[in-house]
Amino acid sequence: MNTVVLVLIEILIVIGVSRAVGWLFRSIGQPLVIGEIVAGIALGPSLLGWLAPGLSGLLFPSVTIPFLNVLSQIGLVFFMFLIGLELDPKYLRGNLKTAIVTSGVSILVPFSLAGILALFIYPIVSNASVSFTAFALFLGAAMSITAFPVLARIITENNLQNTRLGTLALTCAAVDDVTAWCLLALAIAVTRTNSMAGALPTIIESIVYIGGMLTIGRWLLKMLSIYYDRTGKLSQLLLAGIYMAVVLSALITEAIGIHLIFGAFLLGAAMPKNPGLVREIAEKTEDFVLIFLLPVFFAYSGLKTQIGLLNSPELWLLCLAVLGVAIVGKYFGTYFAARSCKLGDREAAALGWLMNTRGLTELIVLNIGLELGVISPLLFTMLVVMALVTTFMTSPLLEWTYPKKSIRLQTDTTVPAATSPLPAVTASDLAPIDYRILVPVANPKTQTGLLQLAMAIAHNEHQSAIINPLSLLELEEDYLFNSTPVEANRAIELQLERLNHVIATLEPPERRSLFDPIVQIGYDVAQKTAIIATLDRADLVLLGWHRPTFINNRLGGRVGQMLGQTPADTAVFIDTSPDPLSACAYKTLFVPYTTNHHDDLAVQIALRMLWNDPQRQLELVRLAQGDDEFSAELARVLALLPPQIESRVNISTIACTDPIATISQFSRQVDLTISGIGSSWGRRKPALDTYPDRLATSCVSSLLIVRRYNRSSSHLNFMLDSESRA
Amino acid sequence: LNNFSVKSIGLYGVAIGSAIGFFHLVTSYGEAHLQAPHAIAGVYAIADAANLPDCLRQPQLAIEIQQSGMYLTGNLTTDSSNPARRPTLSGSFRDRQLQLDGLVSTNICPRAASVRITGTIALDRHLQGRLSIAPEQLGTSTPSTSSTFTATPASTAKALIPAH
């Protein structure tokens, strides 16, 4: 078969498998990149070649390997350019002194331990054509690496970017990144000349080139940035110039005797961090590089990874030793340095695990080492296993040492409040707020009515209250530029602006101060909402509704998941009023009541709204299907109502065989119907419970469907407290 | 720069200096006292082999050797331009003595058979060896179970690395 056709078929398979495995890993809360690396290994001799050698030979014949190599090298050059582009001085805003000490020690300790390890393994896994110095330098560089891009994504995903831990980790990783690349450049120079003395000219030339790039190069790039600001767009001609500069810089560093990737990285790092220009370059470059070229690099790397080489317990023990040195060196180096800088035990431990992430950066180093022959195939495999394990363990260990529930309480005080995505909620100010409503908001523009209703429920003269509109932003991919911490913060600020804009339209203006929006990064909206509801001690979670794409049930899909998972009283608002701002004027409320705890909650919310507006009326209708009565709890509440509230509650009982039809009829005469989700809720899957959906379809007025979670309800606490005091 | 006092800069200097000093010590010791096995990876074309089973009597018969220090893997092959997906032989290399055990691929002989290759690699990288095979599994009438051979390096390790 034609080689080009073969290579294209290989790319087809590589992209497909890489996306599928990446998605699988994503679904278990691991970075996409681990899945892509595993996909590459699976396509190589470790899995496909082992299970079906014939098929492996057919799909990846030797004749196509050089082509994959060329594609992967091009991918790597542009990926390194993107990494350099991403390296923003903003990341150095953390405590620089602590960061430099921690970062320095986190490199020196694993590097030194790798030197000792080299003494033991050099005679076993290397050969005489490799000098011990080059071997030890390479092993040291491989052990000291921290994968800045992977770490940055883990931090963003966990909403740590504005915490003290997050800013410190980003600063450390940025310093580590630059140091490790310099170390690798030195290792390559020594390997190519086989001695420190021989590498000296290369080192001097590299320093001159780096100096030139950071002065003359940077000046030229600044001109480019000014030109971009003037024209406001990145033309194809300009982008062609930038790509040519990337390739030229890569060629220069290769000619100097370090490696192609350094030139590309250096150009990216030297690029002025003009937000618009950087974003546009990244967006135009990254899709093809990340979707097409990077998986080819993973596959090429996977074709060289032979897990089968670890074919005896002795070799697995050796692999374990390599893994142990890598983890111990990085973790304890970081931990003790951070502790010596007066960081708390938990923060120091979390920082240690974060810095232990090696990911893709390690793979780049290893491939260079293997290509130069300085590390053998066996050691390459061991180090790939180490890279995978250290990256894989980061997220769970971070959650173990630094659980998400403690994150919101420790926002970085050095971050200006305006840029903080988190409300200034601390343990101390959780206490004075008596009533909290959490309002998940996907698109602020369409949720005015929901926020208006939240205000109608929350505002109370006898009780302090707060409404937290919650907007969760999903990051699409691991490596996309818009998922970097700086860009994530920008997106958060933008969403905050949108939310504040909507809040500014709500009536009456004096109650807008009840709102305190939360914007965070989150993948699983239902799960994340549940966590935040618990952390915020929300009394009520108020949701909007939407019709799910695949099922014909308003309370299926994401709303159904939230109803099923949120550990707080939850209400779903189905707004039928033409004017979203009319919620403040819901003058007539209707609660259809059958004896169940969801309906008890419906009455309590209605009574709270009654209390909040002296002109509201409540029609409380008992739908008697037998000898239904008010529950003991509700009877007590109704008995305690003061006369000015009681006078506005009209209680009636009607015999009813078809509750939906009765509710439909009553709802014609009111502004808002508040109903329990139905006594059958929770006995079957939310998507299969059609009662709420039938209710929503039949109800003429706006509808609030409530689901009770808490046994002791807090919605009327202010009333019960004052009564008990009386 | 406010973060950096003379004391802390001194401290960093001492830390970095100590690490460089330690690394220098380690590498000096390593260069002087540690000896890694000679590089022998490559393809060795087998010549002068006597008493081989019929299926192995091919002019292009060669041993592909992949080396990771003292650990070896490899294949018996008749097409060294197309390296195997997965090594079928594994073994070790100590004091110029190599030993590889494993299977002959079914691409060469009709049925897989266990094989052992032992030998010595001279300074000029010529391999003097013995190939022992379990003939009953090959379904051949060849009576002998081992044969001596000499092999010359046809290519070096570099050629093997990019091809998995």
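When reading the values below, keep in mind they use all heavy atoms of this one structure, side chains included, and skip hydrogens, waters and symmetry mates. Chain identifiers are assigned alphabetically (A, B, ...) following the order of the sequence lines, protein sequences preceding nucleic acid strands; residue numbering begins at 1 within each chain.
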Assert top hit (heavy-atom pairs under 4.5 Å, partner chain B, pool Thr98(A), Leu378(A), Ile121(A), Leu379(A)) equals Leu378(A)
Donor-acceptor contact present, side-chain Ser28(B) to main-chain His24(B), <3.5 Å: yes
Heavy-atom pairs under 4.5 Å with chain B, option from Val130(A), Ile107(A), Leu108(A) with the top count: Leu108(A)
Let's test your reading of the structure: which of Ser90(B), Ala19(B), Pro37(B), Ala39(B) forms the most heavy-atom pairs below 4.5 Å with chain A? Pro37(B)
Between Ser112(A), Gly44(A), Gly115(A), who has the most heavy-atom pairs with chain B when the cutoff is under 4.5 Å? Ser112(A)
Non-hydrogen atoms of chain B under 4.5 Å away: do they reach the side chain of Leu315(A), the backbone, both or neither? side chain
Which residue out of Asn311(A), Leu48(A), Leu137(A) racks up the most heavy-atom pairs below 4.5 Å with chain B? Leu137(A)
Search all heavy atoms of Ser46(A) against all heavy atoms of Gln306(A) and return the closest pair with its distance. OG-CA, 3.6 Å
Just so I understand: if I count every heavy-atom pair under 4.5 Å between each of Ser18(B), Ser92(B), Ala36(B) and chain A, which residue has the most? Ala36(B)
Nearest heavy-atom approach of Phe135(A) to Val125(A) is CZ-CG2, 4.1 Å
Using a cut-off of under 4.5 Å for heavy-atom pairs, which of Gly140(A), Pro66(A), Ser126(A), Gly104(A) has the most such pairs with chain B? Ser126(A)
Donor-acceptor pair, distance only, cut-off 3.5 Å: does the side chain of Asn127(A) make one with the backbone of Ser129(A)? yes
To the nearest 0.5 Å, tell me how far Leu71(A) CG sits from Leu76(A) CG. 12.0 Å
Any donor-acceptor N/O pair, Asn69(A) side chain to Ile65(A) backbone, under 3.5 Å: no
